[in-house]
Participant: 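Starting off with a structure, shown below.
It should be emphasised that the depicted structure is a prediction, and the values quoted were computed from it without experimental measurement. Here is the naming used below: chain letters follow the sequence lines, and residue numbers restart at 1 for every chain.
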Amino acid sequence: MAFGKGNHLHLIDGSAFIFRAYHALPPLTRKSDGMPVGAVAGFCNLLWSELTATRKETAPTHLAVIFDAGSITFRNAIYDQYKANRPELPEDLRPQFIYTRKATTAFNVACIEQDGYEADDIIATFARRAREAGGTVTIISSDKDLMQLVGDGVDMLDPMKNKRLGVDEVIEKFGVKPNRVVDVQALAGDSVDNVPGAPGIGIKTAALLIEEYGDLETLLARAGEIKQPKRREALVDNAELIRISKRLVQLDDDMPLDVSLDALEVKPVEAEPVMAFLHEMEFTTLTKRVSERLKVAAPVAAAVNVPEAEDAPQAEQLPFDVAGYEKIDTMAALDRWIARITEVGHVAVDTETTSLNEMLAELVGISLCVDAGQAAYIPLGHKQGGGDLFGSSELVAGQLPLDDVLAALKPVLEDAAILKIGQNMKYDWKIFARYGVEIAPLDDTMLMSSAMQAGLNGHGMDALSEKYLGHTCIPIKSLLGSGKAQITFDRVGIDDAVKYAAEDADVTLRLWQLFKPQLHRARVTTVYETLERPLVPVLARMEMAGVQVDRDTLSRMSNAFAQKMAGLEAEIQEVAGVPFNVGSPKQLGEILFDKLALPGGEKGKTGAYATGADVLEDLATEHKLPGLVLDWRQLSKLKSTYTDALQDHINPDTGRVHTSYSITGAVTGRLASTDPNLQNIPIRSEEGRRIREAFVAPKGKVLVSLDYSQIELRILAHVAEIPSLQQAFKDGIDIHALTASEMFNVPLAEMTSDIRRRAKAINFGVIYGISGFGLARNLRIPRAEAQGFIDRYFERFPGIKEYMSDTVAFAQKNGFVQTLFGRKIHTPEINAKGPGAGFAKRAAINAPIQGTAADVIRRAMIRMPAAIADLPAKMLLQVHDELLFEVEEAAVEALIKVAKDVMEGASHPAVHLKVPLTVEAGVGATWAAAH
DNA sequence: GCTCTCACG
DNA sequence: GACGTACGTGAGAGCA
């Protein structure tokens, strides 16, 4: 029988059900594998109570659950900022969406969604059709956006309050009848959905205006008549925006929808599928309830297999066997592999090259793995030699031509439908990029491990293989040897190379299979997907860009340092009375404390005297020698580490210095820079700072440095909830002076630099997990005095102490701490006895602050390439709270504006800090000048 | 390969 | 009551 008069249609707003269920319930997980199921459970309960509700007068004859298919709809084409403010989905919610669909089907209810349209549009369309056919409609939702549909046979039902919403309730809410609701919404806008509306006009005013003028178009046409100047301007100036807003809130009740009303007829719940689903979800209570109602036996709960440790389960292992490894030396074999990769949709990839330096390395071979235990190696650049000192430049016969293989693999490596899996993918990404291939999309087992296990273990492949697969990888040294006799991979015999390289791909694939489901369980999917993985191409491009370093400047400095050092050395020998190696702390200690018998010599664990800068500074008042050594040391450091070593890092092809950033180098989430380290180029001393003059921009370009001001202290003010510090940051007040003023009761106007310096030391101390001893040493004051400062600080800012003890307690309970963005840093030593616990406590206090700052700049970096794509500018370096750009002179201002916005807004929309983040800009021909 | 020292945030 | 402490890194030089 066709839908018509006497029929009653119930439309359930599925997405609203899900969110409601998610927020109403604790984060339940499925016992057997830890999959989050809280929202699914709540959804099923809501759905079940709808199905069994006893509202006789409105019992449905037809029923459907309507879902949102995705986040992009036709409204995004009308207004690209639509719903742009939406916070990111909780990571344990997204994977549950699919199960809410399955649940709906299992309960034998029609499950409807359509790409490009919101659930609300589908509801509007069904409602209109049902009315036209002569039936009535109840929308199960309390969403105000659906209220425009109410009236004339359509009503709403708030499922939580079990309250009917009719025309009267809509008028109560919007001040107008349902048919004018969209006009009011268009004027008032909606901050949640980011519908602009008219500024300064809310629902009340909007309703008043619509009441007076009848409808929106009339109102806009006669806006000039409005007496209140502000309202008049708001409407006149924003007429177009208001019209756009109306198109955003107006539901489409005539969208293409090829499901007939008849298909929605209520069907009895069938026991078998629903019991199977509930059993699969392991919902014991609901299973029981449903089985009782349907008068069927509940399935017996199978013994669930709970893994031992949430974070480190052991996978069932297939043995490693070289018999499963294949050499690819024909195009036919390669084509077979490509077919298999395309069929499965993912592949583990690894490259073998001649060097660890990606900018110099040449491709020697590629390994692939699709199914655990079966991997292949494509030798491409193996050469004769080994025994021969020089080897031969001739390729070993039987290898496929590099160009042919790359041409065949490029479509696979760049195919959006094929996931490329690697261990430390940034390396392989750069290698392939140099051969014209840009890998995407990708997964990286090293980054997965880091997201889950930061602070617990390393993330190198050999360590991961041992830990998770119980398999010891073939050591690379067994192929290359070590020391002087070390060879490069292109000199390794192909048979050995196959075993080694194929194993790498095999291990990587197995790790990926193991890690993928664990990410969810450890609640770090969002961290991995938004803070780790997207960094790979961003950093790869920065590293490949490099920074121009002027060799002559460095070389001149080296010479000057060498001369000065020679002079100092002679003077030191003379003062010491004996010749000795100034660079040897051991010899220096013996001279200072034995020969010259200076006071305070302390021997460390190894029995050597400590001769660090702090010790020598204290001794400088006693004798001439320590001061001279300090001067010599400074020059020696500058020369060896910077002016000499940097020259060796200038790439002969590009003339630039290409560092390598380690994404997993620091447990807190900071990057680390190696080969060379460009994150510790001198700046604090005047002499050292000049080294930055060697970092230059090419002709016609300049360097722009953008750095976050006091980012860690701002984050501290936010997380520890210190209102006075938050306000100070909002007002742009000197934060150290303010701290000093609060602590020592000195008015800001009378602040001295010494008092401010002490407050600054305390502020930093807090970030590091302050101790009386540490502060005393830093400020060179008695320990009791330092402790007094700290006590007073905690008195003035009680939130800080609370933050510190809460953080330590959290770490002790959970074994990790978290950043505001959810990054986990494990603290395995936190419950240890002895001094280790002290270290762990301070690290636990520091990690959320340092880590959150690291997350913020990561987010900025990830968004930066798209933001500056139209500018002649490149992001070159990151130094923890600073980004360095190279930009054409004409575009400096444009770059600063865009990049500054990205950096200052980097926490949004995931986190809304209670303090502003501010970024300071510097421009110059050299890095020194850009500061 | 380990230790010390020192450069940075 | 002593222990030993500011947090996070990487690199060069000396020394065994």
Participant: Which part of the nucleic acid does A/Ala847 contact within heavy-atom distance under 4.0 Å: base, sugar-phosphate only, or nothing?
Facilitator: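 Counting heavy atoms under 4.0 Å across all strands, no contact is made by A/Ala847.
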
Participant: On a whole-Å scale, what distance lies between the C1' atoms belonging to C/dT5 and B/dC2?
Facilitator: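 Taking atom C1' in both C/dT5 and B/dC2, they lie 22 Å apart.
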
Participant: With heavy atoms under 4.0 Å as the rule, sort A/Ile683 into base, sugar-phosphate or nothing.
Facilitator: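 Result for A/Ile683 = sugar-phosphate.
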
Participant: Relative to each other, are the rings of A/Phe816 and A/Phe810 parallel, tilted or perpendicular (30° and 60° limits)?
Facilitator: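 The arrangement is perpendicular - the two ring planes meet at more than 60°.
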
Participant: Only Watson-Crick and G-U wobble pairs with both distances less than 3.5 Å should count. Give DNA chain C in dot-bracket notation, marking inter-strand partners with |.
Facilitator: ......|||||||||.

Participant: Looking across every strand, which nucleic acid part, if any, lies under 4.0 Å from A/Arg633 by heavy atom: base, sugar-phosphate, or nothing?
Facilitator: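 Since only primed, P, OP1 and OP2 atoms lie under 4.0 Å of A/Arg633, the category is sugar-phosphate.
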
Participant: Are side-chain heavy atoms of A/Glu687 and A/Leu635 found at a separation under 4.5 Å?
Facilitator: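 When only atoms from C-beta onward are counted, A/Leu635 and A/Glu687 do touch, with a gap below 4.5 Å.
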
Participant: Using a heavy-atom cut-off of under 4.0 Å over every strand shown, decide if A/Ile845 touches base, sugar-phosphate, or nothing.
Facilitator: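 A/Ile845: no heavy atom of the nucleic acid under 4.0 Å.
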
Participant: Verify whether one side chain among A/Ser685 and A/Gln634 offers a donor that lies under 3.5 Å from an acceptor in the other.
Facilitator: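 Side chains of A/Ser685 and A/Gln634: pair found under 3.5 Å.
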
Participant: With a non-hydrogen cut-off below 4.0 angstrom, is A/Ala854 in contact with a base, only sugar-phosphate, or nothing?
Facilitator: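 Nothing, no nucleic acid heavy atom in range.
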
Participant: Going by atom types only, do A/Thr643 and A/Ser558 share a side-chain donor-acceptor pair under 3.5 Å?
Facilitator: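 Present: a donor and an acceptor within the cut-off.
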
Participant: Under 3.5 Å, is there a donor on one side chain and an acceptor on the other for A/Asp594 and A/Tyr609?
Facilitator: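 Per modelled atom types, A/Asp594 and A/Tyr609 side chains form a pair under 3.5 Å.
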
Participant: Is there a side-chain polar atom (N or O) of A/Thr606 under 4.0 Å from OP1 or OP2 of B/dC2?
Facilitator: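 Indeed not, no polar side-chain atom of A/Thr606 lies that close.
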
Participant: Does any part of the side chain of A/Ser673, heavy atoms only, come nearer than 4.5 Å to the side chain of A/Gln878, both counted from C-beta?
Facilitator: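 Of all side-chain heavy-atom pairs linking A/Ser673 with A/Gln878, none is under 4.5 Å.
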
Participant: Between A/Leu646 (CG) and C/dG10 (C1'), how many Å, whole number?
Facilitator: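 Computing the A/Leu646:CG to C/dG10:C1' distance gives 13 Å.
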
Participant: When you check every protein heavy atom under 4.0 Å of nucleotides 4-9 of chain C, what one-letter string (B, S, -) results, 5' to 3'?
Facilitator: -BBBBS

Participant: Under 3.5 Å, is there a donor-acceptor pair between the A/Asn763 and A/Thr739 side chains?
Facilitator: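 Yes, A/Thr739 and A/Asn763 have a side-chain donor paired with an acceptor closer than 3.5 Å.
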
Participant: NA contact type, A/Ala610, heavy-atom cut-off 4.0 Å: base, sugar-phosphate, or nothing?
Facilitator: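 Sugar-phosphate, backbone atoms only, no base.
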
Participant: If I pick the P atom on B/dC6 and the same atom on C/dA6, what distance separates them, to the nearest angstrom?
Facilitator: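 Comparing P positions in C/dA6 and B/dC6 gives a spacing of 14 Å.
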
Participant: Can you find a heavy atom in the side chain of A/Asp444 that is under 4.5 Å from one in the side chain of A/Arg533?
Facilitator: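 Answer no - side chains too far apart.
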
Participant: Compute both the distance and the angle, then confirm whether A/Arg842 meets the cation-pi test with A/Phe839: under 6.0 Å from the six-membered ring centre, within 45 degrees of the axis.
Facilitator: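 Here A/Arg842 passes the 6.0 Å and 45° test against A/Phe839.
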
Participant: Less than 4.5 Å apart, side chain to side chain, heavy atoms only: is that true for A/Ile650 and A/Arg656?
Facilitator: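 A/Ile650 vs A/Arg656: side chains apart.
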
Participant: Between A/Arg692 (CZ) and B/dA7 (P), how many Å, whole number?
Facilitator: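 For the pair A/Arg692 CZ and B/dA7 P, the rounded distance is 13 Å.
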
Participant: Which ones in residues 585-592 of chain A lie close to DNA chain C, meaning a heavy atom under 4.0 Å from one of its atoms?
Facilitator: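 The stretch gives A/Lys586, A/Gln587 as the residues lying under 4.0 Å from the strand, ordered by number.
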
Participant: Sticking with atom P, work out how far B/dT5 lies from C/dA2, rounded to a whole angstrom.
Facilitator: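 After rounding to an integer number of Å, I get 27 Å for this pair.
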
Participant: May I have the distance from A/Phe561 (atom CZ) to B/dA7 (atom P), rounded to whole angstrom?
Facilitator: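 Atom-to-atom, A/Phe561 to B/dA7, this comes out as 11 Å.
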
Participant: What integer distance in Å separates A/Tyr708:OH from B/dC8:P?
Facilitator: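 Those two atoms, OH and P, are 23 Å apart.
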
Participant: How about A/Phe695 and A/Leu646: do any of their side-chain heavy atoms sit closer than 4.5 Å?
Facilitator: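 The answer is yes; the side chains approach within 4.5 Å.
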
Participant: Determine, using ring centers only, whether A/Tyr793 and A/Phe797 are less than 6.0 Å apart.
Facilitator: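 Centroid distance A/Phe797-A/Tyr793: below 6.0 Å, so yes.
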
Participant: Identify whether any heavy atom of A/Thr611 sits under 4.0 Å from a base atom; if not, whether one sits that close to sugar-phosphate; answer base, sugar-phosphate or nothing.
Facilitator: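 Sugar-phosphate only.
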
